[in-house]
Every structure is written in structure tokens, then in C-alpha cells.
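Right, one structure below, let's go through it.
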Amino acid sequence: AVSMPLLEAIRDRLDKKEQVLLFLNRRGYAPVLMCHDCGWVYKCPRCDIQMTWHKHNGKLCCHHCSHQEKRRAKCPGCDGSNIAEIGHGTQRLTETLAGHFPGASILRIDRDTTRRKGAMQTMMEDVKKGDVDILIGTQMLAKGHHFPGVTLVGIIDADRGLYSVDYRASERMGQIIMQVGGRAGRADKPGTVLIQSYHP
């Protein structure tokens with residue numbers, strides 16, 4: 001999920017005691033659970049869209065209607081147990097980066113982590129105080145926040161916004177990239193924005 005140039009840039013910023021913001025507009029652990037034997041995919045029984053695996057609470061969630069259910073041990077399609085987690089959400093990205101940077105303080109901000117009253121305000125204060133090295137978040141971080149210590153913004157999976165049935169998707173992705181990129185270098189140190197894409 002994270003390219004080598006971005007990992008090297010993160011390491012460089014951490015060595016300089018600067019902060020990093022990584023944007024991934026997909027909460028949860030994995031956006032798709034799929035059976036590798038038959039191709040069956042967990043879908044919401046109400047909406048018929050793919051459900052997202054949330055590892056922290058062991059549930060699959062529909063981000064459209066909020067339906068939740070437990071993960072099954074066996075595939076309902078073929079009764080196999082070869083169910084794989086496909087893709088990255090903010091939970092999985094946090095876990096991945098903790099493996100690369102074990103000494104770094106990593107904070108994930110998305111709808112799952114800010115449900116409690118006052119949680120968002122506390123997190124913002126921690127970031128501004130410099131208690132956070134790497135900030136991982138969704139569109140909640142795109143605008144309206146001032147992070148003076150952030151000198152690197154990494155946009156993960158920028159292509160996702162380009163492939164949608166909505167004809168406005170690419171324009172929306174462009175706006176999000178501009179908004180998120182604007183979080184870097186807002187104080188006295190210059191900022192850098194790295195965009196990960198299969199189609200640069």
C-alpha cells in the first residue's frame with residue numbers, strides 16, 4: 001500500500017522531527033473480503049454493495065446503510081476457508097506503518113476513531129502539540145485543519161477516485177488532492193505532497 005519512495009520520505013521527515021499526514025479515503029481494515037477459491041465476496045444484504053472488514057471489532061460493515069454482521073469462518077459460496085482480505089483501509093495502513101516505524105507515534109483519524117464526544121478535539125490538540133509523528137486519516141482531514149508541523153502529505157490510492165460510475169468522481173478527487181495537499185508546509189518549513197498512482 002505504501003511505495004518505497006513514500007516510505008523513504010516518511011523516514012526522512014521523522015528523522016527531522018517533522019510530522020507526516022497520510023490520506024486514505026477508506027476507513028476500516030480491508031474494503032473487500034473475498035473467497036480465493038470461488039470468488040464470492042461479502043455484500044450487504046440490504047444494499048448489495050461490498051462490506052468493509054473492520055478488524056478492531058471483528059465485524060463487516062456497510063458504509064452505505066450501516067448494516068453490520070460477524071465474519072464467517074467458511075465461505076457461504078463453496079464452504080471453503082480461503083477468505084482473503086483485499087485492499088487497504090485506514091486500520092490496515094496504520095498497522096502496516098507501525099511495522100515500518102515501530103518507534104513512531106501514529107494517530108488514525110476517521111469516523112471510527114472520533115465517535116466519542118470530544119475525541120476529535122483531543123486528537124487535534126495532540127497533533128498540534130507535536131505528540132503525533134504520523135497522522136493517518138480520511139476526508140475528515142482534507143480541509144479546515146491547520147497542522148503547522150506537517151511537512152509531508154502522502155496521498156494513498158489516488159486512482160480510486162478516478163474509477164467510479166459517477167462522472168464527477170475525477171473532479172472530486174482533484175479537489176480532495178488539492179485540499180489535502182494544502183495541509184503540508186503551512187508554517188515556516190516547506191511542504192511536499194506525494195501522490196501514489198498507477199497512472200501518474
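Of all non-hydrogen atoms in P190 and T151, the two that sit nearest each other are O-CB, 3.7 Å. Taking both residues in full, the closest heavy atoms of T52 and G28 are given as CG2-CA, 4.0 Å, listed atom of the first, atom of the second, then distance. Across L60 and M51, no two heavy atoms sit closer than the pair O-CE, 3.3 Å. In terms of heavy-atom proximity, T138 sits nearest to L24 at CG2-O, 3.4 Å. L194 and A9 get closest at one heavy-atom pair: CD1-CB, 3.8 Å. The two atoms that bring P45 and E69 nearest to each other are CD-OE1, 3.9 Å, heavy atoms only.
For H64, the NE2 atom is loosely surrounded, since the number of other residues' heavy atoms within 6.0 Å does not exceed 12.
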Assess whether side chain to side chain contact (heavy atoms under 4.5 Å, CB included) is satisfied between N57 and D112, documenting all intermediate values. CA-CA 11 Å; N57 64 4; D112 296 329; over 6 Å; no
List the steps, then state whether salt bridge (Lys or Arg N to Asp or Glu O under 4.0 Å) holds for K55 with E95. CA-CA 11 Å; K55 188 177 180 180; E95 187 178 279; 3.2 Å; yes
Verdict with supporting geometry, I49 and C62, side chain to side chain contact (heavy atoms under 4.5 Å, CB included): CA-CA 8 Å; I49 62 170; C62 174; 3.9 Å; yes
Start with the C-alpha gap between D12 and K16, add the side-chain angles, then the distance that decides, and say whether salt bridge (Lys or Arg N to Asp or Glu O under 4.0 Å) holds. CA-CA 6 Å; D12 176 63; K16 293 176 180 175; 3.3 Å; yes
After noting the C-alpha distance and the side-chain angles of R116 and T122, does the key distance pass the side chain to side chain donor-acceptor pair (under 3.5 Å) rule? CA-CA 11 Å; R116 284 177 299 132; T122 302; over 6 Å; no
Pair R183, L135 - check side chain to side chain contact (heavy atoms under 4.5 Å, CB included), show working. CA-CA 11 Å; R183 303 308 101 206; L135 181 60; over 6 Å; no
Dump the intermediate steps for side chain to side chain contact (heavy atoms under 4.5 Å, CB included) on T90 and T113, then the final yes or no. CA-CA 10 Å; T90 52; T113 62; over 6 Å; no
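Tracing side-chain contacts under 4.5 Å through hydrophobic residues (I, L, V, M, F, W, Y), one never reaches I136 starting from V180; they form parts of separate clusters. Both L152 and I106 belong to a common hydrophobic cluster when Ile, Leu, Val, Met, Phe, Trp and Tyr are linked at side-chain heavy-atom distances under 4.5 angstrom. The hydrophobic clustering, which links ILVMFWY residues whose side-chain heavy atoms are closer than 4.5 Å, places L21 and M120 together. Hydrophobic clustering (side-chain heavy atoms under 4.5 Å, transitive across Ile, Leu, Val, Met, Phe, Trp, Tyr) groups V20 together with V2. Cluster membership for L14 and L6, using ILVMFWY side-chain heavy atoms within less than 4.5 angstrom, is shared.
For the atom pair M34 CE and W40 CH2, the distance stands at 11.5 Å (nearest 0.5 Å). Atom CD1 of I195 and atom CD1 of I177 lie 4.5 Å apart (nearest 0.5 Å). For the atom pair D126 CG and M124 CE, the distance stands at 9.5 Å (nearest 0.5 Å). One finds the CZ atom of R26 at 10.0 Å from the NE2 atom of H88 (value rounded to the nearest 0.5 Å). The line from CZ of F101 to CG of D133 is 10.5 Å long, rounded to the nearest 0.5 Å. Here the CD-CG distance, from Q196 to D157, works out to 8.5 Å after rounding to the nearest 0.5 Å.
Counting only distance, with no hydrogens or angles, the side chain of N25 and the backbone of Q139 share a donor-acceptor pair below 3.5 Å. The closest donor-acceptor contact from the side chain of S197 to the backbone of A158 lies at 3.5 Å or more, if one exists at all. Here the side chain of Y42 pairs a donor or acceptor atom with the backbone of R72 at under 3.5 angstrom. Under a 3.5 Å cut-off, the side chain of R71 and the backbone N or O of G58 do not form any donor-acceptor pair.
Two residues are said to be in side-chain contact when any heavy atoms from C-beta on lie closer than 4.5 Å; D37 and I83 fail this criterion. Put simply, the side chain of T192 reaches to within 4.5 Å of the side chain of R13, judged on heavy atoms.
If you run side chain to side chain contact (heavy atoms under 4.5 Å, CB included) between L22 and each of I155, T94, I134, V153, only I134 comes through.
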